[in-house]
Amino acid sequence: MINYLENTKIKQKMSDFIQHAVRHHDLQKLLLEFIDIKKECQFGQLAYQHYEAFGGQNKQAITKLAAGIELLILSADILDDIEDQDNDSYPWMNVHQGVAINASTYLYTLSIQIITSLCENNSQLIEKLLNLIKLSMEGQHEDLSHMHGTEEECLEVLSKKSGSLTALSSVLGVYLATREINSIVESYSNYYGVAEQISNDFFALFSKNNGDLQKKQTLAFSFLQRRFNAASQELLTFFSGRLDGSEQKPFQLKQKLLEAGLTQYMVSMREIMLLKMKQGIEQLELSKTKKEQLYVFMTKEEND
């Protein structure tokens with residue numbers, strides 16, 4: 001049975017950090033509001049699972065790390081939404097843009113301070129942490145600049161933008177337990193991050209508020225642009241906004257995605273990433289039970 005670190009404990013620690021660090025009342029209130037809407041702390045949980053798998057036992061330390069990671073991810077999410085002009089329902093999209101950017105920068109700075117305070121003589125940790133963050137930022141730049149279009153280019157962007165932050169969580173969890181950077185963990189966690197982003201991008205196709213397909217060269221858009229069949233062209237027209245979608249029922253869109261082969265393609269690409277992840281986990285010098293627990297946690301949607 002997998003032992004989870006409670007999301008409420010991670011969120012409470014995040015709030016504690018904000019209340020302790022932020023002196024300005026209005027900024028503190030705003031950041032606490034941002035934290036409050038988080039439902040799950042998946043990145044913090046990922047760090048915890050790796051910390052425990054590699055022998056970590058200090059719950060106070062891993063809770064602090066998980067909270068620091070989640071503050072970093074929240075900072076990235078805020079900037080991502082502002083840059084993409086997505087998710088209007090989020091509170092950071094309903095304040096002055098400059099205020100939201102400043103709040104995100106504060107969260108980023110605080111998160112780095114928290115994470116790097118956990119280990120003494122941590123130059124190796126700091127270098128890996130900042131390198132992975134920079135990779136994610138490069139991926140975001142390429143995403144925003146439409147600098148990718150082929151399948152290979154799209155996967156490379158996903159690896160940088162999403163895979164790097166996922167790898168960061170796993171690597172930091174292992175480092176806290178062992179004081180070592182584990183390259184195998186970094187590699188397979190990157191594949192896991194790509195797999196999860198492929199899922200998110202696919203389900204975003206059904207969201208009326210998500211304009212990524214029209215605005216950016218996503219993996220789905222790259223596939224449709226090959227125009228394998230009539231359904232692909234119809235979907236390109238539909239997502240471009242040139243076709244009135246007000247009468248398009250969800251099941252009709254689902255059927256059209258199947259006819260185009262996009263559903264099968266996205267599922268297959270995700271499974272390929274998860275297979276590479278599994279192969280990486282199998283290389284770990286851990287017990288069979290620990291490796292199985294990591295795999296089950298990271299594929300929990302298939303094991304509920």
Side-chain angles (χ1 to χ4, degrees), residues 14 17 34 41-44 46-47 50 64-84 86 92 97 100-119 121-150 152-176 179-198 200-201 212 216-219 273 276-277 280:
M14 293 169 69
F17 283 138
F34 291 176
C41 300
Q42 296 174 335
F43 290 86
L46 188 61
H50 281 82
K64 182 177 180 180
L65 175 63
I69 290 171
E70 286 295 338
L71 288 173
L72 176 63
I73 298 301
L74 179 57
S75 169
D77 286 343
I78 292 170
L79 285 179
D80 185 74
D81 287 340
I82 292 173
E83 290 160 355
D84 292 343
D86 282 338
W92 47 82
Q97 190 172 92
I101 293 172
N102 184 66
S104 173
T105 305
Y106 191 100
L107 289 173
Y108 171 82
T109 306
L110 179 60
S111 70
I112 299 298
Q113 183 181 38
I114 293 166
I115 293 169
T116 56
S117 71
L118 282 163
C119 304
N121 302 318
N122 57 3
S123 59
Q124 188 181 28
L125 167 68
I126 294 173
E127 182 179 7
K128 177 57 65 175
L129 171 66
L130 296 180
N131 281 340
L132 289 172
I133 291 173
K134 287 188 293 183
L135 269 178
S136 180
M137 290 178 173
E138 285 182 20
Q140 176 70 348
H141 174 77
E142 292 173 9
D143 208 15
L144 292 167
S145 302
H146 301 180
M147 296 175 66
H148 56 288
T150 67
E152 292 76 15
E153 290 169 336
C154 289
L155 288 173
E156 179 65 20
V157 169
L158 291 182
S159 176
K160 288 181 179 179
K161 181 180 175 181
S162 302
S164 295
L165 292 180
T166 307
L168 179 151
S169 303
S170 301
V171 167
L172 292 184
V174 174
Y175 186 89
L176 186 62
R179 296 302 190 269
E180 294 180 353
I181 301 295
N182 192 306
S183 59
I184 296 176
V185 170
E186 180 179 347
S187 177
Y188 73 67
S189 295
N190 190 293
Y191 287 127
Y192 173 61
V194 173
E196 290 298 283
Q197 191 58 53
I198 288 173
N200 292 341
D201 288 348
D212 276 358
K216 295 186 287 186
Q217 295 273 2
T218 63
L219 193 60
M273 296 301 119
K276 291 182 177 181
M277 180 198 79

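Worth saying up front: this structure is predicted, and the values here are computed from it rather than measured. Values below: all heavy atoms of this structure, side chains included; hydrogens, waters and symmetry mates excluded.
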(message) M277 vs S189, test: side chain to side chain contact (heavy atoms under 4.5 Å, CB included). Steps then yes/no.
(response) CA-CA 7 Å; M277 180 198 79; S189 295; over 6 Å; no
(request) Before giving the answer on side chain to side chain contact (heavy atoms under 4.5 Å, CB included), spell out for T166 and E196 the whole-Å C-alpha distance, their side-chain angles and the decisive distance to 0.1 Å. (result) CA-CA 10 Å; T166 307; E196 290 298 283; over 6 Å; no
(message) Apply side chain to side chain contact (heavy atoms under 4.5 Å, CB included) to residues I115 and L172 and explain how you reach the verdict.
(response) CA-CA 9 Å; I115 293 169; L172 292 184; 3.9 Å; yes
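Residues A47 and L65 come closest through the heavy atom pair CB-CD2, 4.5 Å. When every heavy atom of A195 is checked against every heavy atom of M273, the shortest pair comes out as CB-CB, 3.7 Å. Contact detail for S117 and K64: the closest heavy-atom pair is OG-NZ, 3.4 Å.
Interatomic distance, I78 CD1 to I73 CD1, rounded to the nearest 0.5 Å: 11.5 Å. For the atom pair D77 CG and F43 CZ, the distance stands at 7.0 Å (nearest 0.5 Å). To the nearest 0.5 Å, atoms CG (L74) and OG (S111) are separated by 9.5 Å. Distance check, rounded to the nearest 0.5 Å: CG of L125 to CG of L118 gives 8.0 Å. For the atom pair OG of S136 and NZ of K161, the computed distance is 8.0 Å after rounding to the nearest 0.5 Å. With rounding to the nearest 0.5 Å, the separation of CG in D80 from CD in Q140 is 4.5 Å.
For Q197, the side chain to side chain donor-acceptor pair (under 3.5 Å) criterion is met by S162, D201, not counting sequence neighbours. E138 pairs by the side-chain contact (heavy atoms from CB on, under 4.5 Å) definition with L135, K160, not counting sequence neighbours. Residues forming a side chain to side chain donor-acceptor pair (under 3.5 Å) with S159 (at least two apart in sequence, or on another chain): N190. Applying the ring pair (Phe, Tyr, Trp, His ring centres under 6.0 Å) criterion to Y175, with sequence neighbours excluded, gives no partner residue. For I126, the side-chain contact (heavy atoms from CB on, under 4.5 Å) criterion is met by T116, N122, L130, not counting sequence neighbours. With sequence neighbours excluded, the residues forming a side-chain contact (heavy atoms from CB on, under 4.5 Å) with L79 are E83, I101, S104, listed by chain and number. Applying the salt bridge (Lys or Arg N to Asp or Glu O under 4.0 Å) rule to E127 yields no partners; only residues at least two apart in sequence or on another chain are considered. Not a single side chain to side chain donor-acceptor pair (under 3.5 Å) links S164 to another residue, sequence neighbours left out. Under the side chain to side chain donor-acceptor pair (under 3.5 Å) criterion, K276 pairs with no residue, sequence neighbours left out. Remark: Y191 pairs with no residue by the ring pair (Phe, Tyr, Trp, His ring centres under 6.0 Å) rule, at least two apart or across chains. K128 pairs by the salt bridge (Lys or Arg N to Asp or Glu O under 4.0 Å) definition with E186, not counting sequence neighbours.
Sorted by first and then second residue, the salt bridge (Lys or Arg N to Asp or Glu O under 4.0 Å) pairs involving residues 164-173 (not counting sequence neighbours) form an empty list.
By the 4.5 Å heavy-atom criterion applied to side chains, H50 and V185 are counted as neighbours. Side-chain contact between I69 and I114: absent, with no pair of heavy atoms (C-beta onward) separated by less than 4.5 Å. The shortest distance between side-chain heavy atoms of N102 and Y106 does not fall below 4.5 Å. No side-chain heavy atom of N182 sits under 4.5 Å from any side-chain heavy atom of V171.
Not one N or O on the side chain of S75 forms a donor-acceptor pair closer than 3.5 Å with the backbone of L71. Looking only at distances, no side-chain donor or acceptor of E142 sits under 3.5 Å from a matching main-chain atom of V157. Although no hydrogens or angles enter the test, the distance criterion places a donor-acceptor pair under 3.5 Å between the side chain of S145 and the main chain of H141.
Looking at L132, V174, L72, L46 one by one, the single match for side chain to side chain contact (heavy atoms under 4.5 Å, CB included) with S169 turns out to be L46.
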